[in-house]
Amino acid sequence: MERRRLLLAAAGSAVAAACGSSLASASPSPSRSASATATGTASKATIELAKGGSFTFALRPDKAPQTVARFVGKARSGFYQGLSFHRVEDWVVQGGDPTGSGFGGAQVPSEYNDLPFVAGAVGIARANNPALMNDSQFFIVKIDSHHLDGMFANFGLLNPSDMPVVLGIRIGDTIKSIKIE
């Protein structure tokens, strides 16, 4: 059992490294900073891409209240407008980095839950240290990615009919807006 736990921790560190793990300790620039606000009745987010197209995902404040509040606050403040998707792989797309490098954003305490990382799950990047996660970088898995279960904050689920838009995201595509409902 202990060996399994160690192997899972090592795998989690490898995945964290691939998700922009070291997360520079510098905070986002003042023009991009936004404090987390209460989610109120926020239940979904719709991301419109500058190149056209949009996708919607359900928010899960019942499972990740601090993560959802932080994402909603940043989205409502306009923080994500103009930011790009800096990581696109066959299994994941990731954006929300104020520097566009995969190392931007501040570190905040991690918030784990039991939601599975099935195709369309929305999560938050984290540091090598599992106690810390990023405050702005989010990712969407394109395929079931259960190796992430319990290792990253899962805070939403993509509308399945919007997966073709996510599959069409390329490195450098930018966010035009995020509407919170």
Side-chain angles (χ1 to χ4, degrees), residues 5 8-9 11-12 15-16 18-21 23 28 32-49 54-81 83 85 87 91-98 105-167 169 175 177-181:
R5 181 184 284 154
L8 283 173
V15 171
C19 284
S21 64
L23 300 175
R32 291 262 185 225
S33 66
S35 61
T37 61
T39 61
T41 59
S43 62
K44 67 180 180 177
T46 300
I47 297 180
E48 183 180 1
L49 302 173
S54 65
F55 58 92
T56 299
F57 57 92
L59 297 168
R60 292 299 305 266
D62 60 318
K63 294 289 188 172
Q66 294 171 13
T67 302
V68 169
R70 195 174 296 107
F71 179 83
V72 165
K74 286 179 176 294
R76 286 182 172 156
S77 76
F79 173 87
Y80 291 108
Q81 290 176 339
L83 296 185
F85 286 89
R87 179 178 184 207
W91 67 280
V92 69
V93 299
Q94 184 171 327
D97 177 353
Q107 294 179 5
V108 296
S110 292
E111 182 177 47
Y112 298 110
N113 57 53
D114 60 355
L115 292 174
F117 276 93
V118 296
V122 183
I124 290 288
R126 73 165 173 81
N128 280 331
N129 177 352
L132 299 173
M133 66 182 202
N134 194 278
D135 75 333
S136 64
Q137 291 187 47
F138 64 93
F139 62 89
I140 303 157
V141 294
K142 300 176 184 180
I143 61 174
D144 289 353
S145 301
H146 294 293
H147 60 284
L148 304 179
D149 291 357
M151 310 273 295
F152 290 83
N154 182 332
F155 74 101
L157 185 61
L158 183 71
N159 179 336
S161 65
D162 292 343
M163 184 59 85
V165 176
V166 171
L167 293 174
I169 293 174
I175 297 168
S177 66
I178 300 180
K179 180 180 178 183
I180 303 294
E181 298 179 66

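The structure displayed is predicted, hence computed values, not measured ones.
When each of Phe138, Tyr112, Phe139 is paired with Phe152, the ring pair (Phe, Tyr, Trp, His ring centres under 6.0 Å) condition holds for Phe139 and for no other. The only option from Leu59, Thr46, Thr56 that meets the side chain to side chain contact (heavy atoms under 4.5 Å, CB included) definition with Glu181 turns out to be Thr46. Screening Gln94, Arg87, Arg126 for a side chain to side chain donor-acceptor pair (under 3.5 Å) involving Gln137 leaves a single residue, Gln94.
With rounding to the nearest 0.5 Å, the separation of OG in Ser54 from CG in Leu49 is 7.5 Å. Note: Ile143 CD1 to Phe117 CZ = 13.5 Å, rounded to the nearest 0.5 Å. Between atom CD of residue Gln66 and atom CE of residue Met133 there is a gap of 7.5 Å, rounded to the nearest 0.5 Å. Once rounded to the nearest 0.5 Å, the distance linking OG of Ser136 with CZ of Phe71 reads 10.5 Å. Once rounded to the nearest 0.5 Å, the distance linking CD1 of Ile178 with CZ of Phe57 reads 6.5 Å. Interatomic distance, Ile140 CD1 to Leu157 CG, rounded to the nearest 0.5 Å: 10.5 Å.
Under the side-chain contact (heavy atoms from CB on, under 4.5 Å) criterion, Asn113 pairs with Lys63, Ala64, Leu115, Asn154, not counting sequence neighbours. Residues satisfying the side-chain contact (heavy atoms from CB on, under 4.5 Å) test with Ala119, not counting sequence neighbours, are Asp144, Met163.
Under a 4.0 Å N-O distance rule, the pair Asp135/Lys74 qualifies as a salt bridge.
A heavy-atom distance below 4.5 Å is not found between the side chains of Ile47 and Lys179. The shortest distance between side-chain heavy atoms of Pro130 and Met151 does not fall below 4.5 Å.
Taking all atoms of both residues into account, the shortest heavy-atom contact from Ala42 to Ile180 is CB-CG2, 3.5 Å.
The aromatic rings of Phe55 and Phe85 sit tilted, their planes meeting at an angle between 30° and 60°.
Using modelled atom types, one side-chain atom of Glu111 and one backbone atom of Thr67 make a donor-acceptor pair closer than 3.5 Å.
Applying the salt bridge (charged side-chain N to carboxylate O under 4.0 Å, His left out) rule to pairs touching residues 146-167 yields nothing, sequence neighbours excluded.
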